[in-house]
Amino acid sequence: MAAALLLGSGLAANVPADDRPQLADRYQEGLDQAWELADAGRLPCRPCTRVMGTAVSVMRNPAADRQARMEAVRAAEACYVQVAVLFIDRRLDAAERGETNCTSLIPGMAVHRSSLSESVEEIGQSRAEFDARI
């Protein structure tokens with residue numbers, strides 16, 4: 001399935017590094033760190049896990065207002081989808097495109113997805129829908 005996500009996604013779009021989403025302060029530092037790693041072709045799991053943990057905490061807080069909840073979902077989508085697309089794009093650009101380079105992404109994406117997928121569901125989103133966006 002991961003191979004299908006990577007191979008059929010048309011990720012040769014060359015994501016500009018300046019397309020980084022702007023989020024609420026509580027998420028921005030973690031997203032910035034994840035974006036920098038992904039832009040360098042390095043797996044961004046650790047900072048994305050922090051962003052997702054913050055989003056889950058907000059969603060679990062009964063006092064969180066609608067705006068805070070919407071921002072939590074936006075932050076989760078930014079790390080799970082947008083950062084992953086940037087990571088894949090940079091890794092594919094780092095070497096000749098081809099089957100070997102593409103399949104080398106599968107373990108990294110498996111780690112990214114498995115480390116973040118539970119959080120996606122905890123904030124009330126569908127992992128399948130997030131995966132489809134990648």
Side-chain angles (χ1 to χ4, degrees):
M1 182 164 127
L5 286 173
L6 295 172
L7 295 172
S9 64
L11 290 174
N14 289 323
V15 178
D18 60 352
D19 277 357
R20 181 183 324 207
Q22 296 302 305
L23 302 172
D25 290 344
R26 73 177 94 199
Y27 305 108
Q28 195 65 52
E29 181 181 348
L31 177 70
D32 287 346
Q33 291 171 355
W35 200 266
E36 299 293 323
L37 287 170
D39 194 38
R42 296 177 48 213
L43 197 59
C45 290
R46 186 170 295 189
C48 277
T49 300
R50 259 193 7 252
V51 169
M52 296 294 271
T54 302
V56 167
S57 293
V58 167
M59 296 302 272
R60 287 181 179 167
N61 180 354
D65 65 14
R66 186 177 193 289
Q67 181 64 32
R69 291 175 183 281
M70 288 173 42
E71 190 68 24
V73 171
R74 224 176 127 238
E77 190 272 341
C79 261
Y80 193 94
V81 177
Q82 293 174 279
V83 169
V85 169
L86 179 64
F87 166 72
I88 292 166
D89 191 58
R90 294 307 184 257
R91 288 292 298 268
L92 289 175
D93 282 346
E96 279 188 42
R97 293 175 192 254
E99 187 175 330
T100 302
N101 195 30
C102 189
T103 57
S104 73
L105 289 167
I106 294 171
M109 285 307 300
V111 169
H112 180 79
R113 290 176 68 234
S114 67
S115 65
L116 303 178
S117 63
E118 187 176 316
S119 296
V120 168
E121 293 171 6
E122 284 191 57
I123 62 165
Q125 300 300 301
S126 163
R127 184 177 101 173
E129 287 179 19
F130 274 28
D131 285 344
R133 291 181 201 162
I134 295 173

Is there side-chain contact between [X] and [Y], with heavy atoms separated by less than 4.5 Å?
| X | Y | answer |
| --- | --- | --- |
| Trp35 | Pro21 | yes |
| Arg20 | Glu36 | yes |
| Cys79 | Leu31 | yes |

query = Does Gln28 have any side-chain hydrogen bond (donor to acceptor under 3.5 Å, both in side chains) partners at least two apart in sequence or in another chain, and if so, which?
reply = Asp32

key: Set of side-chain hydrogen bond (donor to acceptor under 3.5 Å, both in side chains) partners for Arg69, sequence neighbours left out   = none

Testing the basics here: between [X] and [Y], what is the closest heavy-atom pair and its distance to 0.1 Å?
| X | Y | answer |
| --- | --- | --- |
| Ala68 | Tyr27 | O-OH, 4.4 Å |
| Pro44 | Val83 | CG-CG1, 3.3 Å |
| Val58 | Ala64 | O-CB, 3.4 Å |
| Leu23 | Ala78 | CD1-CB, 4.3 Å |
| Cys48 | Ala34 | SG-CB, 3.6 Å |
| Glu77 | Gln82 | OE1-OE1, 3.0 Å |

May I ask whether [X] and [Y] are part of the same hydrophobic cluster, defined by side-chain heavy atoms of I, L, V, M, F, W, Y residues being less than 4.5 angstrom apart, directly or through others?
| X | Y | result |
| --- | --- | --- |
| Ile88 | Leu43 | yes |
| Met52 | Met59 | no |
| Val51 | Val56 | no |

ask   = Is it true that a side-chain atom of Arg90 and a backbone atom of Leu37 form a donor plus acceptor pair closer than 3.5 Å?
value = no

request  = Please confirm whether the backbone N or O of Ala24 pairs with a side-chain atom of Glu71, one donor and one acceptor, at under 3.5 Å?
outcome  = yes

key: Spatial distance of atom CZ (Arg46) from atom CD (Gln33) [nearest 0.5 Å]   = 10.5 Å

